[in-house]
Amino acid sequence: MEITTINTELVAKMFLAGAKNLDAKKEWINELNVFPVPDGDTGTNMSMTIMSAAREVSALEKPEMKALAKAISSGSLRGARGNSGVILSQLFRGFTKVIAEYDEINVQILSDSFQKAVETAYKAVMKPKEGTILTVAKGMSDRALELCDDTEDLVYFCEEVIKEGDRVLDLTPEMLPVLKQAGVVDSGGQGLMQVMKGAMDALLGKEVDYTIEGAETIKKAPESTGTSYNIEAQANQEIKFAYCTQFLIMLDTPITLQQENEFKSYLETIGDSIVVVADDEIVKVHVHTNDPGLAMQRGLTYGSLTTIIIENMKLERDEKISALKEKEMQSAGIPEEKEEKEEKPAEPPKEMGFISVSIGEGINEIFKGLGVDYIIEGGQTMNPSTEDMLNAIEKVNAKTVFILPNNKNIILAANQAASLVEDKKIIVIPTKTIPQGITALINYIPDSTPEDNEQRMSSEISMVKTGQVTYAVRDTVIDDKEIKQDDFMGIGDSGILSVGQNLEPTVMDMMKQLVDEDSAIVSIYYGEDTKEEDANALGEKIGEAFPDVEIEVHYGGQPIYYYVISVE
């Protein structure tokens, strides 16, 4: 069987088949996840990332390659979760930049797409780690480059590329000692290979179910649940600029980068929520403004306008809220309320605001007490996506917004969200633990500039040592420590510090490695599965062992982790 070109329809089928295969294997991929700890979330993160794009692809009806490429790129970007998900979204972003320019794909174009995918993904990671999904992707890219001059058969080409991917994947334990100790390959790399193998099944014409659950919701605006919470949230949403204005500019001549930047700068003077996407022939413009005519007049200086859409967002919002309230009252048997409430004037944005990732009722309250404007529920095994970050940013009415990821697996998604925001200054403080996030907030000074606060907070978080106590989900060996399923683990900033079958001795063993002569305060946050009396008893025991430090015990309410302990 020889195939020399792939059209848009087949590309879409291959992508959907890859997504379905990854989704079907996510639990298996989770089981491979031992780096840096065996917490099992890589498969889930990658699946949520690719399925976000799959829903957008499924919603398209007979798309051209450019539209398909955009659905894959934007869908995966907005759904990206965790490091593995962000890297996967960047691989798709680079890949689609190339295929978007063609109606059909041959071996040379596919090879070029692989090169661009790897280039884009490596650029997105500040310190690329070999032995991961990046290494597997690069191995396939290098093999594709070798093959592109030797064959025109896409079946042979893809089979050989996948063989090389499997070969490199098998080598990842030699690149990351933690994988070798556990006797597994890299979970992110395995996830990528499942995407490739699913796509290969579609290329070969194997029977695949291309149905993507939830895809139909992309075709129309999602309906509100009708709850009071959603109604009030929508009613209180600030609309500073009333008109959502969208149009296409059919360019007289290609727009230069300088002209594009000048156009964006002008739009910033009359509105917000600005998106300007340009290519050689058209410019897509989106802006929220109180004077659509000014935006269109400036657009006319570059060419003719088409596909003009102007929507009064205040009017639409008010009509929707009215309908939702009426529906809710009818469902509850409450007579329609005739009294009209006076609309509150929009509040001016404050100088600085905060978003924090948190999980657990007690820790949430601590963050709110320290001035956090918006809490994103998430954590080690539930990584917020880039879209979650963007939604949170939109809800914080501040000129500068600080994001505290509080988990190293969420920092990439936060940085990616920050790069997509144009109407606010976004600063990501690279907090890797909950205690680091709390320390960052304690060291925030309202009268200082955003830059000074960024420097101070980033500096202070390095002074905090964190210990987290949880349990293992599988047998493995990490840091020369043999770990059995359901063992307790004391995890420090640099790795696993203690392992045991009993909780309290495991905690005390960890504390001996965290507390030193410079330590002054130990803060203990106990989880939802830990009793308050047990936490207090543990605090007393730590106080007896380390009489020179002050002990604080707080209810954290976090799942999975029995204790999160800060040492300063």
Side-chain angles (χ1 to χ4, degrees), residues 9-34 39-60 63 68-69 71-93 95-96 117 121 132-133 136-137 140 158 162 165-166 169 184-219 222 378 380-388 409 412-413 473-474:
E9 182 181 1
L10 184 51
V11 172
K13 286 184 176 180
M14 291 173 69
F15 178 77
L16 294 176
K20 292 293 288 281
N21 195 44
L22 173 60
D23 188 55
K25 307 286 179 58
K26 63 185 177 186
E27 293 302 331
W28 170 52
I29 295 167
N30 283 341
E31 286 297 313
L32 298 175
N33 181 200
V34 299
D39 55 11
D41 63 357
T42 295
T44 300
N45 286 336
M46 294 184 74
S47 173
M48 293 183 77
T49 298
I50 198 170
M51 294 306 285
S52 173
R55 284 188 287 273
E56 292 202 18
V57 170
S58 292
L60 299 173
L68 174 62
I72 294 172
S73 179
S74 63
S76 61
L77 179 66
R78 286 194 163 271
R81 293 177 182 265
N83 284 359
S84 54
V86 171
I87 293 170
L88 183 64
S89 75
Q90 293 304 303
L91 288 169
F92 288 142
R93 183 184 178 200
F95 182 88
T96 55
T132 64
I133 181 176
V136 176
M140 289 190 285
C158 291
I162 289 173
D166 281 336
L169 179 63
V184 297
V185 297
D186 177 64
S187 54
Q190 185 65 271
L192 179 61
M193 293 312 302
Q194 297 313 307
V195 175
M196 295 292 295
K197 290 175 181 179
M200 187 68 191
D201 285 344
L203 178 64
L204 294 174
K206 294 183 180 180
E207 186 174 343
V208 177
D209 177 10
Y210 296 106
T211 305
I212 302 297
E213 185 177 351
E216 65 276 7
T217 61
I218 305 296
K219 298 178 182 178
Q380 186 64 27
T381 58
M382 189 174 71
N383 296 157
S385 68
T386 302
E387 186 169 13
D388 292 332
N409 205 32
L412 262 180
V473 298
R474 70 190 304 274

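What you see below is based on every heavy atom in this structure, not just the backbone, and it leaves out hydrogens, waters and symmetry mates.
Here Lys26 pairs with Asp23 under the salt bridge (charged side-chain N to carboxylate O under 4.0 Å, His left out) rule; sequence neighbours left out. Qualifying side chain to side chain donor-acceptor pair (under 3.5 Å) partners for Asp166, counting only residues two or more places apart in sequence or in other chains: Lys197. Taking Ser73 as the reference, nothing meets the side chain to side chain donor-acceptor pair (under 3.5 Å) condition, with sequence neighbours excluded.
You'll find the side chain of Leu88 stays beyond 4.5 Å of the side chain of Ser76, heavy atoms only. Side chains of Leu192 and Ile87 form no contact here, defined as non-hydrogen atoms less than 4.5 Å apart. Within the 4.5 Å cutoff, side-chain heavy atoms of Ile133 are placed close to those of Met46. For the pair Asn21/Val195, no side-chain contact is recorded, criterion being any heavy-atom separation below 4.5 Å from C-beta on.
Here NZ of Lys20 is found 12.0 Å from CD1 of Ile50. Values are rounded to the nearest 0.5 Å. For the atom pair OG1 of Thr49 and CZ of Phe92, the computed distance is 9.0 Å after rounding to the nearest 0.5 Å. Rounding to the nearest 0.5 Å gives a distance of 11.0 Å between CG of Leu68 and CD of Glu9.
Contact record, Val136 with Met193: CG1-SD, 3.7 Å, taken as the closest heavy-atom pair. Closest non-hydrogen pair, Gly75 versus Glu56, comes out as CA-OE2, 3.5 Å. Summarising the geometry of Cys158 relative to Met200, their closest heavy-atom pair is CB-SD, 3.6 Å, with the distance given to 0.1 Å. Scanning both residues, Asn45 and Ser84, for their nearest heavy atoms gives CB-OG, 3.8 Å. Between Ala117 and Leu91, the closest heavy-atom pair is CB-O, 3.2 Å. Heavy atoms only, all atoms of each residue included: Gln190 and Val185 are closest at NE2-CG2, 3.9 Å.
The environment of CE in Met196 is crowded: more than 12 heavy-atom neighbours from other residues, nucleotides or ligands sit within 6.0 Å.
A side-chain donor-acceptor contact under 3.5 Å links Ser58 to the backbone of Ala54.
When only modelled atom types and interatomic distance are considered, Ser385 and Asp388 share a side-chain donor-acceptor pair under 3.5 Å.
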Between Leu22 and Ile29, is a side chain to side chain contact (heavy atoms under 4.5 Å, CB included) present by the stated rule, with each step listed? CA-CA 9 Å; Leu22 173 60; Ile29 295 167; 3.5 Å; yes
